[in-house]
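The chains referred to below are lettered A, B, ... by the order of the sequence lines, with proteins before strands, and numbering in each begins at 1. In what follows, every heavy atom counts, from backbone to side chain, and hydrogens, waters and symmetry copies are set aside. What you are looking at is a predicted structure, and each value in this text was computed from that prediction instead of being measured.
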There are 2 protein chains.
Amino acid sequence: MDDMSNLDLPLARKLSTFIELKEEDLLMLTRLHENNRIVEAGSGLEHQGAIHHKAYILRKGWVFSYKLLKDGARQIVDFQISGDFLGLRSLLLRTSDHSFEPITQIEVSEVTKEHLKLCFEMSPRLAAALLWAASRDEAMVVEHLIDIGRRSAIVRTAHFLLELGVRLELVGLADRNGYHCPLTQYLLADALGLSAIHLNRCLRKLREKNLLSFQGGQVTYLDFTALTRLADFDSDYMDHEKPILH
Amino acid sequence: MDDMSNLDLPLARKLSTFIELKEEDLLMLTRLHENNRIVEAGSGLEHQGAIHHKAYILRKGWVFSYKLLKDGARQIVDFQISGDFLGLRSLLLRTSDHSFEPITQIEVSEVTKEHLKLCFEMSPRLAAALLWAASRDEAMVVEHLIDIGRRSAIVRTAHFLLELGVRLELVGLADRNGYHCPLTQYLLADALGLSAIHLNRCLRKLREKNLLSFQGGQVTYLDFTALTRLADFDSDYMDHEKPILH
DNA sequence: CGTCGGGTTGATAACTTTCAAATTTCGTGG
DNA sequence: CCACGAAATTTGAAAGTTATCAACCCGACG
């Protein structure tokens, strides 16, 4: 059935959690996924300040978006997972303000300005849903900001990993026990604004307290309730409702 | 002339920097500004988790958006100035994820879900421009994230104040000498993820180095070039082009 | 005049980074 | 299956940054 092949797309799965995707929306979604590429881990996708006017839908794999500072420090802004957009903003603004790099081998669908225009014209419902998804992503950057600004290193670590878990659940890549996570401690540290060494100690503390373990590419919740309590975790900001155009 | 009265709106001024506002756009913009309110400094506008489904355009004054943590700490996510949106996201998602509070007396125009719908239908150009503006605001939250995550306290302070200056320039409230700034050191500290005491020392250092002074509600650049160099400041991420729908 | 919010300063404590090095893990070729 | 090298993780010790606590100053305001 056509529906099945479409809901096979992580983005469709994500969107369909919130709006009922109609025939024309699924059609448009399929068109957005026509131009596919596979990119190997480690290759730069887009460079700071480069003019691209291209965006991607991440179908499979992990990516991080980051910015390098002139002193060589790196701040990771976000990790992207299946169903997320890459560089949607660079379609709207002249410069792309940060760079992307695949953590694993990834599969992406290229989305052009023309795609988006078409989408706005042919299926405004879908366009609104996409903007809703983008808006939701923004909400998570805000939470990330709060993590870094006002939470202690250990709380911050716990909170971030929980948040990541909820996102992965949305596309079926996590459950209440934990999830597979290909991040190195260096990557995670650069996301959390910590040194890798200190992060390592925080992870150890979380493990020793029997709250969460992050080993061998696997995040495991050891005591979910206690963990959310420690992390001051509240998934409300990811709560969902239909977007404005239904 | 009608144009003049419209460009008198800070939002119109901001948008018109990037797209040519046509008759129908200005008309729609005017409609968005029909329902006005004045709110005194210090009164809460919207509470964490409250369901509002209302947004505002800030016409005059300063607002901060923030989140309180359960341990009482406060992280300020952003300051809003003339022409900025308040709570646009709460129109799209069920919960508003953080609270707003006016710093000064403010003038706002209330924008409802219906307004936005109408806007999408009647003037998609304008709708796109509004989304562009929102996207631009998001880009600034990202820069703010980088400030907090990987810049030292003093660089962070300088960078943030420069960024604020550029935003104020867009609506005619700053020039290359500096700007009026009603923030207290406590507010600024909570935005930067610093203690007020440490921020105070950073400000002193910036003053002693003859880079920037922040006193008596006035930010003054003492040596703009040296300041941008210290702050690793690059306004590229705020660069502008026409939004996708022209 | 007294209070209050904001700003400033010093001393101390806590947290986090940096540097250096040992250990473990993992992919690859022998 | 084992050896090897590279990458990732872990630990210790020392240094640096930032927070916290406790005052004190100052101007606005009733």
K.L.:
Considering only heavy atoms from C-beta outward, does the side chain of B/K209 approach that of B/L222 to under 4.5 Å?
P.N.:
no
K.L.:
Separation of B/R156 atom CZ from D/dT17 atom C1', in whole Å?
P.N.:
11 Å
K.L.:
Determine the interplanar angle of the A/Y179 and A/Y221 rings, folded into 0 to 90°, and report it as parallel if under 30°, tilted if 30 to 60°, perpendicular if over 60°.
P.N.:
perpendicular
K.L.:
Knowing that exactly one of A/E110, A/R59, A/E107 qualifies, which makes a side chain to side chain donor-acceptor pair (under 3.5 Å) with A/N36?
P.N.:
A/R59
K.L.:
Do the side chains of A/R167 and A/E163 get close enough for a salt bridge, i.e. N-O under 4.0 angstrom?
P.N.:
no
K.L.:
For A/C181 and A/V219, work out which heavy atoms get closest and say how close.
P.N.:
CB-CG2, 3.8 Å
K.L.:
Looking only at atom types and distance, does a side-chain atom of B/H144 sit under 3.5 Å from a main-chain N or O of A/L145, one as donor and one as acceptor?
P.N.:
no
K.L.:
How many Å lie between CD on B/Q75 and P on D/dA19, as a whole number?
P.N.:
12 Å
K.L.:
So if I take residues 204-219 of chain A and measure heavy-atom distances to DNA chain C, which residues fall below 4.0 Å?
P.N.:
none
K.L.:
Excluding sequence neighbours, so at least two apart, what forms side-chain contact (heavy atoms from CB on, under 4.5 Å) with B/T228?
P.N.:
B/L162, B/F224, B/F233
K.L.:
Got B/Q105 and B/I38 here, is their nearest side-chain heavy-atom distance under 4.5 Å?
P.N.:
yes
K.L.:
When the distance from CG of B/D147 to P of D/dT18 is rounded to whole Å, what number comes out?
P.N.:
13 Å
K.L.:
Check DNA chain D against residues 196-203 of chain B and give the residues with a non-hydrogen atom under 4.0 Å, in numerical order.
P.N.:
B/I197, B/H198, B/R201
K.L.:
Charged N to carboxylate O under 4.0 angstrom, A/E143 versus A/R151?
P.N.:
yes
K.L.:
Over its full length, what angle do the end axes of the helix from C/dC1-D/dG30 to C/dG30-D/dC1 make, each axis taken from five pairs and the result rounded to 10 degrees?
P.N.:
40°
K.L.:
Short of 4.0 Å, heavy atom to strand atom, which residues of residues 180-192 of chain A count as contacting DNA chain D?
P.N.:
A/T184, A/Q185, A/Y186
K.L.:
Indicate yes or no: at least one non-hydrogen side-chain atom of A/V77 is less than 4.5 angstrom from one of A/F64.
P.N.:
no
K.L.:
To the nearest angstrom, how far is A/L194 atom CG from C/dT18 atom P?
P.N.:
11 Å
K.L.:
Should A/D84 and A/L11 count as side-chain neighbours, where that means a heavy-atom distance under 4.5 Å?
P.N.:
no
K.L.:
I'd like to know if A/D190 and B/R150 make a salt bridge, using a cut-off of under 4.0 Å between side-chain N and carboxylate O.
P.N.:
yes
K.L.:
Sequence neighbours excluded, which residues qualify as side-chain contact (heavy atoms from CB on, under 4.5 Å) partners of A/A196?
P.N.:
A/Y186, A/A189
